[in-house]
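Atoms within each ligand, like the ligands themselves, are counted from 1 in listed order. Model, not experiment: these values are computed from the prediction.
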Amino acid sequence: MTVLKLFGIIFFCGLLSPSQEVLSGLSCAVSPRAMQNVLSDAIIHNGLLQQHLQGLVLPNIMGEGGLLNSPTSITGLHLVQVRLPRLSVVLLPGIGVQLTIGAKLQLSGKCLVGLLSELIDILVDVNITANIKCTNFESGTVQVVTEDCLCILGAIKIKVLSGLLTLSVNEMVLRQLTATLPALLCPVVDIVMNLVNIQLLGTLNAVIPVGTAGTIHYQLASIPYTSGKFLGLDLDGAVKQVGGITIPHDSSPSALPPLMDRLLLMVMRQSFVNAMLTLLLRMPPQTFPCTPDIFSGANRLHETLWTIAPAGCSTCRGTSPVNIRLTLGGNPLILLEENKASVKLSVLVQVFLNRLDGSVLNLLLLKADLGLNVRVSIVGGRLVLRLALRSTSLSLESSDVGISNISILKPHCSSLLMETLLPVMNGALSIGIPLPNVLGIPLIKVDVHILAGLIVLLV
Ligand SMILES: *[C@@H]1O[C@H](CO)[C@@H](O)[C@H](O)[C@H]1NC(C)=O
Ligand SMILES: *[C@@H]1O[C@H](CO)[C@@H](O)[C@H](O)[C@H]1NC(C)=O
């Protein structure tokens, strides 16, 4: 309960200043911890950094420093191995992601002291710190730039077989590496971050099929931003029906509820969810004979109809089975309130007979305004809405057999809709709303909360 209360507190990210035109059906807040996991996986664990540092060649080192201060030169120095790389992340408000990569670099080369040439191994601790900034936002893509890149060298260990090196060689090597490593390592960090940007932010930009109903095109709606607590991503989702018609939504970015101690927060805005619901519930009219195997109350509905039709409908009785056609009228309307999601939807209920001459006799044409409760869950990484009928309000549109008072039909219609329409709608909704791939963070152990105007997912 307290968690939900806290959600009510409006949390302004100081740097978010979205322009009013930006459509953002969905926004995410990624925690520093999640960023660290994501970037560690992308840069360290899959070997990307090592791969780009492999074979790095360092300038020769010359100086006085060998035994008895004889001239010393180290040549052919190259990187052999990146040992124990690790990565940490700090989010700097308004600046971006501050990345620190720590590692032990194992270098190897040839060392000439006086006339003696031998192999030299150097092991040096280094921390590379750089600020990664997003820039040049254009149609859903951004570029990253690496700024303020620093390399801080720590302990250094030098090994030669002869052991003929003095401490002053250590100092000389450290001095030279301090001067040369930043210009070698920082461009590698830049290259690696550009690749990671394409890999991670590129996957946000995707067209995902929604069953056979249509597609949803997710893409960044604006440039990612950082607060001290999270990396913020506003995404737009363009919902397209098969055939290419876009179902519009007017969602615009809004303040996010707090991320608490979670990895990822994703909010979906009401208008966007409504567009998805509209897409999934675009279904052809459902026509079926009103028989007990399809609708358990079929016989009772028949009896009631004959009772309320003036003259008992002598002309139509027994001629052919009564048919029912259910047509969704207009678009569904979802309403998200604190801890509650509901949908309003109207359905045309046509109860009719096909006469022998081929014409149609409308016993009843009703409009049913449904109030539905919605259960929201995550199934297989998709957002699934499930409807349950809460209320039905009926109005008579027309009747060819003179029926004028339909109040007695209400329970029959409710059970008719419950038994025939709801399973079809829930079947259509079970495809689920595909969610964007946010930095590859898997949507497992997701808590779903409903707030005013928002569906909130916490990973
Ligand atoms: C590198 O960073 C780590 C963690 O921030 C720190 O413990 C270590 O002393 C640093 N090493 C150097 C060489 O600065
Ligand atoms: C309609 O029928 C119900 C009972 O079937 C009755 O209570 C109600 O008064 C009727 N309404 C009108 C307007 O005739």
Side-chain angles (χ1 to χ4, degrees), residues 31-33 35-40 43-45 49-50 53 56 58 79 81-92 95-107 121-132 146 148-158 167 170-186 188-189 192-193 228 297 299-313 349 351 363-369 391-399 401-416:
S31 74
R33 182 161 58 98
M35 285 302 295
Q36 182 157 320
N37 296 345
V38 163
L39 291 176
S40 294
I43 294 173
I44 308 279
H45 300 147
L49 180 74
Q50 291 92 317
L53 285 176
L56 188 79
L58 291 94
L79 193 131
Q81 203 191 357
V82 181
R83 289 201 206 163
L84 304 173
R86 67 207 169 274
L87 180 150
S88 60
V89 159
V90 177
L91 299 179
L92 302 176
I95 295 176
V97 176
Q98 187 185 65
L99 201 65
T100 301
I101 298 172
K104 281 184 193 300
L105 303 183
Q106 187 190 339
L107 311 171
D121 272 317
I122 301 173
L123 200 60
V124 58
D125 280 344
V126 63
N127 277 350
I128 313 165
T129 303
N131 295 339
I132 313 299
T146 309
D148 302 322
C149 181
L150 291 175
C151 295
I152 298 165
L153 271 52
I156 187 161
K157 275 196 199 120
I158 300 183
L167 270 181
N170 266 28
E171 278 162 26
M172 176 182 90
V173 170
L174 186 59
R175 207 169 44 241
Q176 294 265 357
L177 290 181
T178 302
T180 54
L181 273 178
L184 294 171
L185 297 179
C186 290
V188 172
V189 172
V192 163
M193 279 314 299
N299 290 338
R300 266 174 292 128
L301 176 63
H302 288 168
E303 287 315 312
T304 313
L305 278 175
W306 310 145
T307 319
I308 62 172
C313 191
V349 182
V351 184
L363 302 178
L364 274 176
L365 190 59
L366 302 174
K367 183 163 160 263
D369 290 313
S391 66
T392 314
S393 122
L394 294 179
S395 54
L396 180 65
E397 299 276 300
S398 66
S399 167
V401 294
I403 294 173
S404 60
N405 184 343
I406 52 164
S407 62
I408 199 171
L409 289 176
K410 192 177 170 186
H412 299 298
C413 279
S414 293
S415 45
L416 171 73

Exercise for review: With the side chain counted from C-beta on, respond yes when Ile101 and Ile44 share a heavy-atom pair under 4.5 Å apart, and no when they do not.
Suggested key: yes
Nearest non-hydrogen contact to atom 12 (C) of ligand 1 from the set Asn127, Ile101, Val126 belongs to Asn127
* Any donor-acceptor pair under 3.5 Å from Lys367 side chain to Glu397 backbone -> no
Quiz item: Are any side-chain N or O atoms of Gln36 and backbone N or O atoms of Val89, one a donor and one an acceptor, separated by less than 3.5 Å?
Solution: yes
Note: ligand 1 atoms sitting under 4.0 Å from heavy atoms of Gly154 are 13 (C)
Among non-hydrogen protein atoms, atom 3 (C) of ligand 2 lies closest to Ser407 OG, 3.3 Å
Problem set entry | Under 3.5 Å: N/O of Thr100 near N/O of ligand 1 | no
Main chain of Leu363, side chain of Ser399: is a donor-acceptor contact present, judged purely on distance under 3.5 Å? yes
Hey, is atom 14 (O) of ligand 2 under 4.0 Å from any protein heavy atom? yes
Point to revise | Protein non-hydrogen atom found under 4.0 Å from atom 7 (O) of ligand 2 | key: no
The atoms of ligand 1 lying under 4.0 Å from a heavy atom of Ile152, numbered in the order shown, are 13 (C), 14 (O)
Min over Ile308, Thr304, Asn405 of heavy-atom distance to atom 2 (O) of ligand 2 lands on Asn405
Rounded to the nearest 0.5 angstrom, the CG-SG distance for Asn127 and Cys151 is 9.0 Å
When every non-hydrogen atom of Pro85 is compared with those of Gln50, the smallest separation belongs to CG-NE2, 3.6 Å
